[in-house]
**Student:** 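Provided herewith is a single structure, encoded as structure tokens, for subsequent inquiry.
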Amino acid sequence: MSKGITSRKENYSEWYNDLVLKGGLADYSAVRGCMVIKPYGYTLWENMRDVLDRMFKETGHVNAYFPLFVPKSLFEAEEKNAEGFAKECAIVTHYRLKADPENPGKLMVDPEAKLEEELVVRPTSEAIIWNTYKKWIQSYRDLPLLINQWANVVRWEMRTRLFLRTAEFLWQEGHTAHATKQEAIIEAEKMLEVYADFVENFMAVPVIKGIKSPNERFAGAEETYCIEALMQDGKALQAGTSHFLGQNFAKAFDVKFVNKENTEEFVWATSWGVSTRLIGALIMVHSDDEGLILPPRIAPHQVVIIPLPGKTEEDNARLNAKVKELLSDFKTAGIRVLLDDDDMKRPGFKFAEHELKGIPVRVVIGMRDLQNNVAEVARRDTKVKASLSLDNFSESISTLLEEIQLNMYDKAKTFRETNITKADSFEAFQKSLDEQPGFILAHWDGTAETEDKIKELTKATIRCIPLNNEQEEGKCILTGNPSSQRVLFARAY
RNA sequence: CGGGGCGUAGUUCAGCCCGGUUAGAAUGCCUGGUUUGGGACCAGGAGGUCGUUGGUUCGAAUCCAGCCGCCCCGACCA
């Protein structure tokens with residue numbers, strides 16, 4: 001039925017690409033590793049962005065914008081951070097082109113236009129922001145400083161994948177400054193909660209909150225909090241991170257404040273971000289072999305109405321009047337609705353098309369329905385069709401949209417729960433990875449060496465140490481050394 | 001960066017091995033008509049410097065060499 005979509009079973013990554021490309025979310029571009037986000041995909045991102053932006057503002061943050069370029073000397077100021085990103089930076093070295101004397105009609109970099117100091121295209125903005133914060137912070141009265149920015153960043157990844165890892169991507173990055181360590185930790189934890197709230201309740205993607213092992217920690221952070229989601233192929237995807245940065249950046253950029261006791265102290269910092277990668281998670285958690293399945297709360301169109309014209313002008317006048325009325329009711333009820341009354345395409349084509357695009361609810365209304373004061377309502381998540389009365393129709397649809405939202409979450413959660421296993425030996429661990437890929441809870445002795453070794457042997461990494469983790473005596477699956485808790489392993493994107 | 005694949009109409013691809021009419025098909029697009037409850041049909045039409053540069057040849061989409069680009073797998077990656 002699904003024309004040209006590779007099935008998940010056949011080839012999971014082709015299926016994923018098909019959905020992104022044929023679902024109209026994005027397209028490849030002429031730039032290596034960079035994609036074009038098409039209007040449908042961008043609307044989805046805008047919807048996500050709007051919700052997050054509201055949440056950030058409700059938690060006291062304001063937006064600002066910092067430059068795309070970071071002078072190399074600033075970039076390298078915080079050594080660990082710089083080192084962590086050094087291998088994937090795009091660098092501006094010149095500011096001018098000129099006609100190439102050897103190739104008529106072509107341009108070349110003007111060697112005389114070399115910059116005194118190279119500019120790093122931001123892979124993240126801590127450096128430029130902390131350099132700025134130095135100017136803004138003098139007193140405890142200037143704190144906390146709670147700023148977010150919506151921006152693009154560039155990370156020159158060796159291998160890219162649509163939405164999941166592109167060389168340039170869109171994201172938000174929050175950068176906050178605090179007077180005390182405790183306050184900064186609370187902030188980092190609070191923003192993790194905001195992310196979890198958003199991802200679970202708007203994207204319908206269940207997540208596990210936790211902290212990263214030192215190996216997986218953000219370069220320059222004291223502690224990295226994260227939310228981890230499980231994809232349908234059993235691989236994990238980091239959906240968001242929030243970092244407690246300690247005083248590392250304050251020290252690197254010399255950002256001090258005077259406290260109430262009139263003594264100087266370095267400020268405490270956090271940073272946190274989510275990106276267009278979330279769209280990759282959304283696709284891989286919910287969609288099926290017929291196409292995308294988008295959760296109602298962020299879907300570009302929540303409902304598509306497809307009128308089926310009758311035989312006579314009279315019939316069609318009645319139908320059109322009814323459709324117009326429904327559109328108006330939907331609008332009043334705040335439902336994002338798309339009307340597909342293109343009479344050049346047959347219904348079956350439209351059904352398939354809208355299923356591919358993942359519109360949560362399809363409403364079909366023809367003369368037969370009109371006679372009975374009903375419409376055929378089909379939900380994308382379960383593919384179930386039903387006749388619904390046109391009385392209080394927008395209320396019925398609103399209720400249905402909520403039901404779909406919850407059902408999608410429940411379904412994803414059930415999938416995740418059935419794919420979290422416990423492994424008590426290395427053999428069991430490997431077997432689990434091969435036979436039932438997913439999250440695996442296992443004991444780990446807490447050393448980086450063991451973590452590396454397990455990664456080398458199995459490609460699985462520690463996704464996180466879950467928050468409020470149950471304490472349990474056990475033995476490390478690799479070394480047999482004592483362990484006080486299980487940590488969450490998986491192969492990851 | 002290693003391995004594999006690919007580059008021909010908007011898209012998906014055939015043609016290439018074995019050089020030789022005016023480079024094809026499907027789909028999409030445009031015009032007109034008939035249709036419309038699960039991917040309609042008829043008729044007409046537009047659309048190509050065959051990735052690029054050079055070489056071999058009377059003649060290159062086809063053979064040879066270089067270059068460029070993209071995709072997939074791996075390595076890498078917060």
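The shown structure was predicted, so the numbers you read here are calculated from the model rather than taken from an experiment. First the proteins, then the strands, lettered A, B, ... as listed; each starts at 1.
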**Student:** Taking atom P in both B:G15 and B:G7, compute the distance separating them and give it to the nearest angstrom.
**Tutor:** 10 Å
**Student:** Scan A:Arg165 against the nucleic acid and name what it touches under 4.0 Å (heavy atoms): base, sugar-phosphate only, or nothing.
**Tutor:** base
**Student:** Heavy atoms only, 4.0 Å cut-off, all strands: where does A:Val31 land among base, sugar-phosphate and nothing?
**Tutor:** sugar-phosphate
**Student:** Does the structure show a Watson-Crick or G-U wobble partner for B:C50, both distances under 3.5 Å? Name it, or say none.
**Tutor:** none
**Student:** Please check: side-chain N/O of A:Asp18 versus main-chain N/O of A:Thr6, any donor-acceptor pairing under 3.5 Å?
**Tutor:** yes
**Student:** Does the ring center of A:Phe429 lie less than 6.0 Å from the ring center of A:Phe489?
**Tutor:** yes
**Student:** I want to check one thing: is the phosphate of B:C72, taken as OP1 and OP2, less than 4.0 Å away from some side-chain N or O of A:Asn11?
**Tutor:** no
**Student:** I want to check something: taking the side chain as every heavy atom from C-beta on, are A:Met108 and A:Leu97 in contact at a cut-off of under 4.5 Å?
**Tutor:** no
**Student:** Output the single nucleotide from B:C71, B:G37, B:G39 whose closest atom is nearest the side chain of A:Asn17.
**Tutor:** B:C71
**Student:** Between C1' on B:G37 and CD on A:Gln371, what's the gap in Å once rounded to a whole number?
**Tutor:** 14 Å
**Student:** Quote, to the nearest angstrom, the P distance that separates B:G44 from B:A26.
**Tutor:** 13 Å
**Student:** For nucleotides 32-35 of chain B, give me every protein contact, N/O to N/O, under 3.5 Å, one pair per line with atom names.
**Tutor:**
unit_1: B:U35; atom_1: O4; unit_2: A:Asp343; atom_2: O; d: 3.3

**Student:** For A:Ser13, which contact category applies under a 4.0 Å heavy-atom criterion: base, sugar-phosphate, or nothing?
**Tutor:** sugar-phosphate
**Student:** Quick one: does any side-chain atom of A:Lys350 pair with a main-chain N or O of A:Asp340 as donor and acceptor, under 3.5 Å?
**Tutor:** yes
**Student:** What does B:G19 pair with, Watson-Crick or G-U, if both distances are under 3.5 Å?
**Tutor:** none
**Student:** Could you let me know what B:G37 is paired to, Watson-Crick or G-U wobble, both distances under 3.5 Å, or none if it's on its own?
**Tutor:** none
**Student:** B:C77 and B:G69: how far apart are their P atoms, nearest whole angstrom?
**Tutor:** 24 Å
**Student:** Could you identify the nucleotide paired to B:U62, looking across every strand shown and requiring Watson-Crick or G-U wobble geometry with both distances under 3.5 Å?
**Tutor:** none
**Student:** Should the side chain of A:Glu355 and the base of B:G38 be counted as holding a donor-acceptor pair, with the cut-off at 3.5 Å?
**Tutor:** yes
**Student:** Could you work out the separation of B:A9 and B:G28 based on their C1' atoms and round it to a whole Å?
**Tutor:** 11 Å
**Student:** Determine the interatomic distance between C1' on B:U62 and the same-named atom on B:G24; round to the nearest Å.
**Tutor:** 15 Å
**Student:** So which nucleotide does B:A14 pair with, by the Watson-Crick or G-U wobble rule with both distances under 3.5 Å?
**Tutor:** none
**Student:** Below 4.0 angstrom, N of the basic side chain to O of the carboxylate: do A:Asp289 and A:Arg8 qualify?
**Tutor:** yes
**Student:** In whole angstroms, how far is the P atom of B:U11 from the OH atom of A:Tyr28?
**Tutor:** 14 Å
**Student:** Does a donor on one side chain and an acceptor on the other come within less than 3.5 Å for A:Thr270 and A:Trp272?
**Tutor:** yes
**Student:** Check this for me: does the side-chain of A:Lys385 come within 3.5 Å of the base of B:G38 through a donor and an acceptor?
**Tutor:** yes
**Student:** Using both distances under 3.5 Å as the test, list the Watson-Crick or G-U wobble partner of B:G7, or none.
**Tutor:** B:C68
**Student:** Could you tell me the separation between the CD atom of A:Glu88 and the P atom of B:C76, rounded to a whole number of Å?
**Tutor:** 14 Å
**Student:** For a quick check of understanding: with a heavy-atom distance under 4.0 Å over all strands, which category does A:Arg362 fall into, base, sugar-phosphate or nothing?
**Tutor:** base
**Student:** To the nearest Å, how far apart are A:Lys345 NZ and B:U27 C1'?
**Tutor:** 14 Å
**Student:** With a sphere of 6.0 Å drawn around NZ of A:Lys72, does it hold more than 12 non-hydrogen atoms of other residues, nucleotides or ligands?
**Tutor:** no
**Student:** Nearest to the A:Glu157 side chain among B:G37, B:C77, B:C72, which nucleotide is it?
**Tutor:** B:C77
**Student:** Might you work through the side chain to side chain contact (heavy atoms under 4.5 Å, CB included) test for A:Leu326 and A:Phe393, ending with a clear yes or no?
**Tutor:** CA-CA 8 Å; A:Leu326 293 180; A:Phe393 194 59; 3.7 Å; yes
**Student:** Would you be so kind as to tabulate the donor-acceptor pairs closer than 3.5 Å made by side chains of residues 207-227 of chain A, with sequence neighbours excluded?
**Tutor:**
unit_1: A:Lys209; atom_1: NZ; unit_2: A:Glu193; atom_2: OE1; d: 3.0
unit_1: A:Lys209; atom_1: NZ; unit_2: A:Glu193; atom_2: OE2; d: 3.3
unit_1: A:Lys212; atom_1: NZ; unit_2: A:Glu228; atom_2: OE2; d: 2.8
unit_1: A:Lys212; atom_1: NZ; unit_2: A:Gln238; atom_2: OE1; d: 3.1
unit_1: A:Lys212; atom_1: NZ; unit_2: A:Arg463; atom_2: O; d: 2.9
unit_1: A:Ser213; atom_1: OG; unit_2: A:Glu451; atom_2: OE1; d: 3.1
unit_1: A:Ser213; atom_1: OG; unit_2: A:Glu451; atom_2: OE2; d: 2.7
unit_1: A:Asn215; atom_1: ND2; unit_2: A:Glu451; atom_2: OE1; d: 3.3
unit_1: A:Asn215; atom_1: ND2; unit_2: A:Asp452; atom_2: OD1; d: 2.9
unit_1: A:Arg217; atom_1: NE; unit_2: A:Glu222; atom_2: O; d: 3.2
unit_1: A:Arg217; atom_1: NH1; unit_2: A:Glu222; atom_2: O; d: 3.4
unit_1: A:Glu222; atom_1: OE2; unit_2: A:Asn248; atom_2: ND2; d: 3.2
unit_1: A:Thr224; atom_1: OG1; unit_2: A:Phe218; atom_2: N; d: 3.0
unit_1: A:Thr224; atom_1: OG1; unit_2: A:His243; atom_2: ND1; d: 2.9
unit_1: A:Tyr225; atom_1: OH; unit_2: A:Glu189; atom_2: OE2; d: 2.9

**Student:** Suppose you measure atom P in B:A25 against the same atom in B:C64; what distance do you get, rounded to whole Å?
**Tutor:** 28 Å
**Student:** Calculate the interatomic distance between A:Leu308 atom CG and B:A40 atom C1'; express it in whole Å.
**Tutor:** 14 Å
**Student:** Under 4.0 Å, heavy atoms only, any strand: does A:Gln238 hit a base, just the sugar-phosphate, or nothing?
**Tutor:** sugar-phosphate
**Student:** In whole Å, I'd like the distance from the CD atom of A:Glu456 to the C1' atom of B:G74.
**Tutor:** 15 Å
**Student:** Taking the same atom, C1', in B:G4 and in B:C50, what whole-Å distance lies between them?
**Tutor:** 24 Å
**Student:** I want to verify a distance call: between B:C77, B:G37, B:C70, whose nearest atom is closest to the A:Lys87 side chain?
**Tutor:** B:C77
**Student:** Could you let me know what B:G28 is paired to, Watson-Crick or G-U wobble, both distances under 3.5 Å, or none if it's on its own?
**Tutor:** none
**Student:** Could you check which of B:C77, B:C70, B:A75 has an atom nearest any side-chain atom of A:Met158?
**Tutor:** B:A75
**Student:** Write down the distance between OH (A:Tyr16) and P (B:C72), rounded to a whole number of angstrom.
**Tutor:** 11 Å
**Student:** When you look at A:Ile5 and A:Glu290, which way does the side chain to side chain contact (heavy atoms under 4.5 Å, CB included) test go after all the steps?
**Tutor:** CA-CA 7 Å; A:Ile5 296 180; A:Glu290 271 71 53; 5.9 Å; no
**Student:** Can you tell me the distance, in whole Å, between the CD1 atom of A:Ile365 and the P atom of B:U36?
**Tutor:** 18 Å
**Student:** Side chain of A:Phe349: nearest nucleotide among B:C77, B:G39, B:U36?
**Tutor:** B:G39
**Student:** Can you tell me how far P in B:C18 sits from the matching atom in B:C63, rounded to whole Å?
**Tutor:** 8 Å
